Protein chains: 2
Amino acid sequence: MLPLFENYLEFIQKIHPLSPESIEALMPFLQQKNFAKKDFLVRQGNISDELYFIISGCVREYFEDANADEINTWFGFENAVAVSTYSFFSQKPSLTNIQTLEDTETIVIRHEDIHKLYNQFHEIERLGRLLAEQYLVQIEEMKIILQTLSARQRYEYLLQNKPDFIKRIPLKYLASFLGIKLETLSRVRGQK
Amino acid sequence: MLPLFENYLEFIQKIHPLSPESIEALMPFLQQKNFAKKDFLVRQGNISDELYFIISGCVREYFEDANADEINTWFGFENAVAVSTYSFFSQKPSLTNIQTLEDTETIVIRHEDIHKLYNQFHEIERLGRLLAEQYLVQIEEMKIILQTLSARQRYEYLLQNKPDFIKRIPLKYLASFLGIKLETLSRVRGQK
DNA sequence: ATAAATGTTTGATAAATGTCAAATAATTTG
DNA sequence: CAAATTATTTGACATTTATCAAACATTTAT
C-alpha cells in the first residue's frame with residue numbers, strides 16, 4: 001500500500017468501515033494529484049467532477065460576489081475532503097473556486113468513478129450518505145455562527161474551535177469567511 | 001393507497017425513483033401524525049428518532065440561546081422534510097426544537113425503521129444520500145445569505161426567493177432566522 | 001363583542017460595523 | 001539583501017444595526 005493512501009483509508013474507515021472487497025475495488029480509482037500554492041482545484045463556472053482528499057497542505061473555497069470581492073466559504077487542511085458540493089452533486093457549473101493556500105497533496109476520485117462504486121457496493125453508497133450527513137452538520141454549525149454571533153464572538157469562536165484557521169489562514173481571507181470586514185477583524189482581535 | 005401518502009411518494013420519486021418492492025417495504029413503516037398549532041415534533045435535549053414529511057401546515061425549528069432568546073433556524077411547509085438533523089443523524093440529544101406554527105399533518109418514519117430499510121434496499125440508502133445532499137446545498141445557500149447580505153438584502157432575498165415565508169411566518173420569527181432584530185426587519189420592509 | 005394577549009411599528013439614542021485613506025509590518029522575489 | 005509586493009493595523013468618520021420604550025394593530029379566548 002502506498003503510504004499516501006493510508007490517511008485516506010483511515011479517514012474513510014472512521015466514518016464507515018469497508019470490506020476488503022470494497023477497498024480493493026476503490027483503490028484503482030484513486031489518483032494522487034499535487035498542487036503548487038495558488039493552484040486551482042476547481043474553477044467557478046466549470047463542472048466539478050472531482051472530489052479531493054487533502055493529504056497535506058491547505059485550500060480555500062471562495063466565490064466572487066457582485067462587487068468582484070472574494071467571499072471565502074470554506075477552508076480545508078490535512079485529512080479533510082474538499083469538494084464543490086453543489087457542482088459535484090448536481091454536475092452543474094460550480095459556483096465556487098477551490099484554490100490552494102500552500103503546496104498541497106491530494107488524493108482525487110472522479111464523480112463518475114464514485115458512482116460506479118456506489119452502484120457496485122451498497123456499503124460505499126452508505127459511506128457517501130454518512131459523509132454528506134457529517135458535512136451537512138458542519139455547515140449548519142457555521143450557519144448558526146453567522147446567524148447569531150457578533151464580529152468579536154465570531155473571532156472568539158475561531159480561536160476556540162478552529163485555532164488552525166487563525167494560525168494558517170491570512171486574516172484577509174478569514175474576514176469574509178466570518179462575514180465581516182478585514183479592518184473589523186483586525187480591530188476585534190487587537191482588543192483581547 | 002391512502003391519498004395522504006401520495007404527496008410523500010411523489011416527493012421521494014422525484015429525488016430517486018424506487019422500485020415497487022422498495023415502496024411496498026417502506027409503506028408499513030409510514031405513520032400519519034397530526035399536530036395542533038404550537039405542538040412540538042422535537043424537543044431540545046431529547047434524542048430525535050423521527051423524521052417528518054409535512055403534508056399540510058407549517059413548522060419552525062429553533063433553539064434557545066444563552067440569553068433565552070429564541071433563534072429560528074428553519075421553516076418548513078407542505079412537501080418538505082422536517083428533521084433535527086444533528087440529532088437524527090447521530091442519535092444524540094437534539095440542539096433544537098421543532099414546533100408547528102399551524103395545525104400540521106405529517107407522515108412520520110422512525111430512525112430505526114429507516115435504517116432497517118437502508119440495510120435491506122440499496123436504493124433506499126441512495127435516496128437517503130441524495131436527500132442529505134440536497135438538504136446540504138440548501139443550508140449552504142442560507143449560510144451564504146447570512147455571510148454576505150445586509151439586513152435589507154436579506155429581506156429582499158426572502159421576498160424574491162421565499163415569498164411564502166413572508167406570507168405565513170410572523171416577522172418575530174423571521175427576524176432571528178435572518179440574523180437581525182425584529183425592529184430592524186420591520187424598518188427594512190417599511191422602506192421599500 | 002370585548003378584554004387580553006400577541007405581534008408590529010415607530011422614535012430617540014447607543015453601539016457595532018463599514019468605508020476610505022494612510023501607515024506599518026511581513027513576505028516574496030529578483 | 002533590497003525592492004516590491006502583500007498583509008495588517010490604525011485613524012477619522014459614515015452608515016447600519018441594536019436597544020429600550022412606547023404606541024398601535026391584530027389575533028385569540030372568553
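Scope of the values below: all heavy atoms of this structure, side chains included, with no hydrogens, waters or symmetry mates. Each chain gets a letter, A, B and so on, in the order the sequences are listed, and its residues count up from 1. Quick caveat: nothing in here was measured; it's all calculated off a predicted structure.
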Margin query: Looking at C:dT6, I'd like to know if its phosphate oxygens (OP1 or OP2) sit under 4.0 Å from a side-chain N or O belonging to B:K172.
Written below: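 For C:dT6, OP1/OP2 do not have a side-chain N/O of B:K172 under 4.0 Å.
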Margin query: If you compare every side-chain N and O of A:R187 against the phosphate oxygens of C:dA16 (OP1, OP2), does one of them come in below 4.0 Å?
Written below: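 No, no such contact exists.
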Next item on the list: Counting Watson-Crick and G-U wobble pairs only, both distances under 3.5 Å, name the nucleotide matched with C:dG30, or none.
Entry: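 WC or wobble partner is D:dC1.
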Next item on the list: Provide the Watson-Crick or G-U wobble partner of D:dT17, both distances under 3.5 Å; none if there is no partner.
Entry: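 The answer is C:dA14, by the H-bond criterion.
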Provide, to the nearest angstrom, the distance between the [atom1] atom belonging to [X] and the [atom2] atom belonging to [N].
X      : N      : atom1 : atom2 : result
B:D69  : D:dC20 : CG    : P     : 11 Å
A:Q153 : C:dA15 : CD    : P     : 16 Å
B:R189 : C:dT8  : CZ    : P     : 7 Å
B:E70  : C:dG7  : CD    : P     : 10 Å
B:E102 : D:dT27 : CD    : C1'   : 14 Å
A:E183 : C:dA22 : CD    : P     : 14 Å
B:D103 : D:dT27 : CG    : P     : 16 Å
B:R168 : C:dG7  : CZ    : P     : 17 Å

Check: Are A:L171 and A:L159 in one and the same hydrophobic cluster, where Ile, Leu, Val, Met, Phe, Trp and Tyr link if side-chain heavy atoms are under 4.5 Å apart?
Finding: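 As far as the 4.5 Å side-chain criterion goes, A:L159 and A:L171 are connected within one cluster.
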Heavy atoms from C-beta onward define the side chain here; which of [options] lies closest to that of [X]?
X      : options               : result
B:T184 : D:dA7, D:dA18, C:dT19 : D:dA18
A:S186 : D:dT9, C:dT19, C:dG7  : D:dT9
B:K181 : D:dA18, D:dG11, D:dT8 : D:dA18
A:I180 : D:dT19, D:dT8, C:dG18 : C:dG18

Next item on the list: Return the 5'-most residue of the pair B:L185, B:K37 with respect to DNA chain D, ranking by each residue's nearest nucleotide.
Entry: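 Going by which nucleotide is closer to the 5' end, it is B:L185.
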Next item on the list: Let me know, please, whether A:Y173 or B:S150 comes out on the 5' side of the other along DNA chain D by nearest nucleotide.
Entry: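 First, find each residue's nearest nucleotide; the 5'-ward one identifies A:Y173.
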Next item on the list: State plainly whether the residues B:R129 and B:E133 are in salt-bridge range, i.e. N to O under 4.0 Å.
Entry: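 Looking at B:R129 and B:E133, the cut-off is met.
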Item checked: Ion pair B:R110/B:E112, N-O distance below 4.0 Å ->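 Yes, B:R110 and B:E112 are salt-bridged.
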Next item on the list: Of all the heavy-atom pairs spanning B:Q44 and B:E64, show the shortest one and how long it is.
Entry: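 Heavy atoms of B:Q44 and B:E64 come nearest at OE1-N, 3.5 Å.
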Next item on the list: Measure the acute angle between the ring planes of A:Y135 and A:W74, then classify it against the limits of 30° and 60° as parallel, tilted or perpendicular.
Entry: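 Taking A:W74 first and then A:Y135, their aromatic rings lie parallel (interplane angle under 30°).
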